[in-house]
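What follows is one structure encoded as structure tokens, with my remarks underneath.
Along the sequence shown, residues are numbered consecutively beginning with 1. Please read all numbers here as calculations on a predicted model, not as lab measurements.
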Amino acid sequence: MVVGMFRLHTPKTTQIGFAFLLGGHILFALFYQWLIPLGYGPDEPRHYGYIQHLVLYRSLPRLGDPTHPYYCHMDPRPPNAIGIHPPLYYTLLAPVYALLAGRRIDHPAPDETPFTKLEASRSKFIQHILRTCSLVMALITLFLIARIALLFSEDSWWLLGMVGFVAWLPHFLLLSAVMNNDTVTILLGHLFLLLLTKQVLDSNEPLHSAVLLGGVFGLLGLSKASALSWLPLLLIGIWQISRRMPATQRWRLVPFGLGLPALICGWWYVRFYVLYGRIMPIVKWTENPELLLNSPMDLFWQPGAWLLVWRFLAGVARSLWGQVDWFILKPEHIIAWQKKFGTTAETAYPLTEPIWLLLMLLSLVAFIGWLVRLVKWLKQRQWMPQHQAGALLAVGFILLFLALMHYTLFTHPGGYEGGRYLLPSISAFSFLFWQGLLGIFPERWRFALVVTVLTILLVMNIGCIVNLNNFLNPLYAPKTM
């Protein structure tokens, strides 16, 4: 079954188009990998430190002083691993580091440790290898998205639109180009969504389906704590599987569908609770209390509370598409450029900002398309298995969206531009995007729609590369690049 997930039984012309999309993804990801300075991906030094920590100390990292603004989330010992994260991603990559570096440390302060310093040239080579592992995970994810798309239609342009939207999305390409634990969460997230939707449309052996669904959810929980927000999806999936069994046999699903994920990832959360007295890793941010709410009731009583909600919605609308600085020029960057160079920068922001607005307009059109679909459905009232599968995808995206909103409003205001936390369900957004557009435009426009959107994303990536090379790197990158 697992091998079959990577076989696309599609016409040869569709396979050529699929290969073109993958080739474009690889090309752009490698461009970004070499343009983004080492250590400048989101939290990249801390992720790299976690990989090293497992090899050097042969133990999980421990958190530092709980009152320290940074060490409260990381091990104070070099290489300062970001210990708030579950260990799956780092465990997968630790053997790669051990093979290439042995027990040498890659850190500015090696004298504070009993380890030998890793040579600079070797360091660059290893970091690029570890970054390339993200690309491999991203390619596997794209195959899984193709399988999800084929559950709904075997139309070539539907498949290419679903996959191409994600493959050429600048934010997905960013994560494909740097070290980060999001890539394994995104991969497992799409494997989970594939299994969840597939069991609605197929009638596989119930226990086998429950083992796969529960096992993958357990791995999700061992990759990132935010994945636990999908627990309702797991419960829905197990309930659906149980309906294919006699009532007297349904109890057999509990140890596989619920006990297995608890066994796979539960130990890490128990350990975290025993050590630090909490299950969710990130503590409440205290430096900007005016940007956080204390309870949901604050939405009704606290002045400006709804402005925080708007701040979150606007931030997600920007950051879902990519690293915001890549395509939107912020005033602080203009000031920094003038102070450093005293000249006018040559950038592609006059191109990338309207492109982002165009993508937002298309998203609004897609939303209207869903209203049109809803009106038609209310007239017909036909609830097919494919409708149920699509609803599960939508619920997956909504759950992550609500989890990110809760995190931003009640725990850390920096989450307002945390679009990457929605990417484990990016295929669901792609599904909603295309189904919405196809709810308005006639079938014969499908080819034109797909080509137009992919061209827009292509131009946006080119603009992001120009902005990185001509503006952000000269402004912020180290001179040794």
Inset, instruction - Carefully, step by step, assess Phe327 and Ile355 under the rule side chain to side chain contact (heavy atoms under 4.5 Å, CB included). - result: CA-CA 9 Å; Phe327 58 92; Ile355 285 178; over 6 Å; no
Would you call the rings of [X] and [Y] parallel, tilted or perpendicular, taking 30° and 60° as the class edges?
{"X": "His47", "Y": "Tyr90", "answer": "parallel"}
{"X": "Trp337", "Y": "Phe471", "answer": "parallel"}
{"X": "Phe165", "Y": "Trp321", "answer": "perpendicular"}
{"X": "His53", "Y": "Tyr57", "answer": "tilted"}

Mind listing the closest non-hydrogen atom pair of [X] and [Y] along with its distance?
{"X": "Pro76", "Y": "Leu63", "value": "CD-C, 4.3 Å"}
{"X": "Ser223", "Y": "Val184", "value": "CB-CG1, 3.9 Å"}
{"X": "Leu233", "Y": "Leu196", "value": "O-CD1, 3.7 Å"}
{"X": "Ile426", "Y": "Leu169", "value": "CD1-CD2, 3.8 Å"}
{"X": "Ala225", "Y": "Pro281", "value": "CB-CD, 3.7 Å"}

Using only atom types and a distance under 3.5 Å, with no angle test, would you say the side chain of [X] pairs donor to acceptor with the backbone of [Y]?
{"X": "His190", "Y": "Ser427", "answer": "yes"}
{"X": "Ser134", "Y": "Ala177", "answer": "no"}
{"X": "Asn467", "Y": "Trp326", "answer": "yes"}
{"X": "Trp230", "Y": "Gly396", "answer": "yes"}
{"X": "Ser176", "Y": "Phe172", "answer": "no"}
{"X": "Asp75", "Y": "Arg62", "answer": "yes"}
{"X": "His25", "Y": "Trp168", "answer": "no"}
{"X": "Asp298", "Y": "Ser295", "answer": "yes"}
{"X": "Glu44", "Y": "Gly41", "answer": "yes"}
{"X": "Gln338", "Y": "Thr343", "answer": "yes"}

Legend entry - Min side-chain heavy-atom separation Tyr32-Leu468 under 4.5 Å: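 Sidechains of Leu468 and Tyr32: in contact.
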Inset, instruction - With the side chain counted from C-beta on, respond yes when Ile148 and Lys198 share a heavy-atom pair under 4.5 Å apart, and no when they do not. - result: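 No, every pair of side-chain atoms sits at 4.5 Å or beyond.
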Can you list, pair by pair, the side-chain donor-acceptor contacts under 3.5 Å of residues 255-275, counting residues two or more places apart and other chains?
unit_1 : atom_1 : unit_2 : atom_2 : d
Trp267 : NE1    : Ile264 : O      : 2.9
Tyr269 : OH     : Gly221 : O      : 2.6
Arg271 : NH2    : Pro61  : O      : 3.1

Inset, instruction - Report the distance from atom OG1 of Thr352 to atom CE of Met460, rounding to the nearest 0.5 Å. - result: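 Here the rounded value is 6.5 Å.
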Legend entry - Euclidean distance, Phe18 CZ relative to Leu142 CG, rounded to 0.5 Å: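 It comes to 6.5 Å.
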Inset, instruction - Might you confirm whether atom CZ of Phe410 has over 12 heavy atoms from other residues, nucleotides or ligands at distances under 6.0 Å? - result: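 Yes, because the 6.0 Å sphere around CZ of Phe410 holds more than 12 heavy atoms from other groups.
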Inset, instruction - Flag yes if more than 12 heavy atoms outside Phe20 fall under 6.0 Å of its CZ atom; otherwise flag no. - result: no
Legend entry - Trace of the ring pair (Phe, Tyr, Trp, His ring centres under 6.0 Å) decision for Phe429 with Phe397: CA-CA 7 Å; Phe429 184 83; Phe397 181 79; 5.5 Å; yes
Inset, instruction - Would you please name every residue forming a side-chain hydrogen bond (donor to acceptor under 3.5 Å, both in side chains) with Asp43, sequence neighbours left out? - result: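 With neighbours one apart ignored, the set is empty.
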Inset, instruction - Check the pair Leu392 / Leu193 against side chain to side chain contact (heavy atoms under 4.5 Å, CB included), numbers first and verdict last. - result: CA-CA 8 Å; Leu392 288 173; Leu193 290 177; over 6 Å; no
Legend entry - Presence of salt bridge, Lys330 and Glu417, under 4.0 angstrom: yes
Would you tabulate the side-chain donor-acceptor contacts of residues 95-108 under 3.5 Å, counting partners in other chains and residues two or more places apart, or write 'none'?
unit_1 : atom_1 : unit_2 : atom_2 : d
Tyr97  : OH     : Gln52  : OE1    : 3.3
Tyr97  : OH     : Arg104 : O      : 2.6
Arg103 : NH2    : Leu56  : O      : 2.2
Arg104 : NE     : Ala101 : O      : 3.0
Arg104 : NH1    : Glu119 : OE1    : 2.9
Arg104 : NH1    : Glu119 : OE2    : 2.9
Asp106 : OD1    : Ser123 : OG     : 3.3
Asp106 : OD2    : Tyr48  : OH     : 2.7
Asp106 : OD2    : Ser123 : OG     : 2.4
His107 : ND1    : Ala109 : N      : 2.9
His107 : NE2    : Asn80  : OD1    : 3.1

